[in-house]
Amino acid sequence: MIPAFIVFAYLGVILYIGIFAWRSAPPSQLRRFGGQGGAAAVEEYFLAGRSLGPAVFLLSLFGTNMTAFTILGSAGHAFANGVVTFGLMASSSAFVIPLTLFFIGTRLWALGKKHGFITPVQMFRDRWECGHIGTVIFALQAALLVPYIIIGVMGGGTALRAITGGLIPYAAGGALVALVVMGYVFFGGMRGTAWVNAFQTVLFLSFGAIALIVIGRSIGGFPEMIARLLDNPATTPLLSRERVSPWYFFSYTFIPLSTIAFPHIAIFCLTARRLAQFKRTVVFYPLCILAIWLPCVFLGVAANGMVSAPRIEAKLEAREALAAAPASMPAADRAALRRQAAGDDVIPIMLEWFAPLWLAGLLGAGIMAAVMASDSQILALSTMFTEDVFTYYGGTSRFGEAVQVQTGRAFVVVLTIVAYLIALRAPQSIFDLAVQYAFSGYAALSPLLIAALFWKRSTKWGAFAVTAWVAGAVIYTARVPGALAWFGLLPVVPMTIISCALMVIVSLVTPQPSSRTLARYGW
Amino acid sequence: MRGETLVGPTARLGWFIAITALYLLHQDIWLWRQPRPLVFGFLPPALAYHGGYCIAVALLMWGLTRFAWPSHLEQREDR
């Protein structure tokens, strides 16, 4: 029960941090806000008053991007596929994400500060002189974001059930996690969410290194373990990339383009107090990825040699049975073997087998930190709804800014309850898939930001064409397996290239925004 | 946003080449099928390479923030 107590203590700590994070606001911000409503209150709730300091900005931005996949999924993927996992997902992100923050994030920040934007859609509407096309972009962004929130609730329920040994059932665990997240997002807004994410990132960063050291010591060092993998013809391919095509590997460099197009990341770029805060963030971002992903991927690969742990040995036997299975094997049996061979829980198993109890508790907190990444998405959807729909269609001018903030809070509650109810009824596999399609969808939406910020000639019809194409392509690839996977590439590559082409072609044949608007953007 | 950068055309070309080169270096096909030699006695070469790649990206980003920082974006706001 020690791990369960540590996890409960962790939930209490983040609830406290989230709710009382407002105390960290600069005195000038508190005076402006004063709890009395007004535009300052709106900016305080949704953007932390554009006043986050450098450390919180870096740690929170990084933590916002880390999900359950970072710790559990990366090790599981590496367990099955080997060292290729790091190049596919970690180093490609380490390259693309800081560059997009440098070139796009800084400009979003400057425009947000200059024109008072709170969401990307506000900027699109202003930049391209459009109204309802902005609403279409909002609808697509929101639809692609919802699966993340549901996955977060599901992950919370599953993790708590596992950590407490079944004492807390899935439904109660999901409810508890949803309540905690809802609590600090409701009361703390962006500032609370940012501080919680910063705290979680510190936990992530400590976790990887500690797990690596403790497990390494317990098994008598990694060199012997890796040498055994090298000597075994069945495991040698895990130490190179011979099972993966270079084109498939290349495709993965397109996926991180999704990061800056995610509304919660784009909105987060507006929270920095000064532009200079992006400096440390873009420099340290690749190092943070290295610090978290390298231990997780390495441990996932090394797990293939840890046959002294019975549950890992069972996984390896299931994998062998799956490889030797005849074509006539019933689908249900094949699925059962696949589930048994899956490596998403190899790190918990290794820690349970090789590490002391207190570390297993820390791991539980780390897992909870990972699965609770849905807070930023909930807040982003709430921000988008209140700004892009409620305010745009006259809500704020009719009812005032105080009602706008209350609407945002009410939206947080409603969204969390809906996500929880869906999580109780729907199978997780559906939403796991939806999240994969959402990554491709957001990557293919990134040309919207690039065109709005860097191409004077871009138009609202170009933006509409991109949005319609991405919506259609996501639905098509979800319904037709293998669709758009041309020349062995992932669908995200043609989706993004066609988005760029549509933006250029349609913009060139449609009228550009007025010279007055262009002048406001420096053209 | 016109006139975004204070970097001259030659330096801009230099940064473009540096970024493109680093992007291409991600595709390390020369290490594709090599499980040996282990770096530090336990790291497979592909893992060590991409770990080093992350450090190289951090250095590139440091250079960009040091020599190509769009500080005028903040100055514009301060005015």
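Quick note: numbers below take in every heavy atom, side chains included, and nothing from hydrogens, waters or symmetry partners. Every chain is numbered from 1 and lettered A, B, ... according to where its sequence line falls, protein lines coming before strand lines.
- Under the 4.5 Å side-chain criterion, counting only non-hydrogen atoms from C-beta, A:W293 is not in contact with B:C54.
- Highest contact tally toward chain B, considering only A:L290, A:I226, A:L275, A:V96, is held by A:L275 [criterion: heavy-atom pairs under 4.5 Å].
- For a residue to count as touching a neighbouring chain, one of its non-hydrogen atoms must lie under 4.5 Å from one of that chain's; by this rule A:S93 does not touch chain B.
- Closest approach of B:F67 to B:W62, counting heavy atoms only: CE1-CZ3, 4.2 Å.
- When ring centroids are compared, A:F298 and A:F86 stay outside the 6.0 Å threshold.
- Taking chain A as the reference chain and counting heavy-atom pairs below 4.5 Å, the highest number among B:A46, B:P45, B:A58 is found for B:A58.
- Interface check for chain B: of the options A:V244, A:L294, A:V297, A:T253, the most heavy-atom pairs under 4.5 Å are formed by A:T253.
- In this structure, chain A has heavy atoms under 4.5 Å from both the backbone and the side chain of B:Y23.
- Options A:L99, A:I289, A:T236, A:V301 differ in how many heavy-atom pairs under 4.5 Å they form with chain B, and the most are formed by A:L99.
- Between B:Y53 and B:H50, the ring planes lie tilted relative to each other; the angle falls in the 30° to 60° range.
- Only the side chain of B:I29 has a heavy atom closer than 4.5 Å to any heavy atom of chain A.
- Contact of B:L59 with chain A is not made at all, since no heavy-atom distance falls under 4.5 Å.
- A pairwise comparison of heavy atoms in A:S458 and A:R127 identifies OG-NH2, 3.1 Å as the closest pair.
- Checked by atom type and distance alone, the side chain of A:S507 pairs as donor or acceptor with a backbone atom of A:T459 at under 3.5 Å.
- With B:H26 as the partner, the ring-ring contact (aromatic ring centres under 6.0 Å, His included) test is satisfied by one option alone out of A:F95, A:F254, A:F249: A:F249.
- The candidate from A:V83, A:L230, A:T106 with the greatest count of non-hydrogen atom pairs under 4.5 Å with chain B is A:L230.
- Within residues 279-288 of chain A, the residues having any heavy atom closer than 4.5 Å to a heavy atom of chain B are A:K279, A:V282, A:V283, A:P286, A:L287, listed by residue number.
- Close placement of the B:Y49 and B:W30 rings is indicated, their centers lying within 6.0 Å of each other.
- For the set A:A90, A:A94, A:S91, the count of heavy-atom pairs under 4.5 angstrom toward chain B peaks at A:S91.
- Here the closest heavy-atom approach between residue A:G216 and residue A:F222 is recorded as CA-CE1, 3.3 Å.
- No part of A:V84 comes within reach of chain B, as not one of its non-hydrogen atoms sits under 4.5 angstrom from that chain.
- Heavy atoms closer than 4.5 Å to chain B are found nowhere in A:L229, neither backbone nor side chain.
- The aromatic rings of A:F250 and A:W247 lie perpendicular to each other, with more than 60° between the two planes, well past the 30° mark.
- For a residue to count as touching a neighbouring chain, one of its non-hydrogen atoms must lie under 4.5 Å from one of that chain's; by this rule B:L38 touches chain A with the side chain only.
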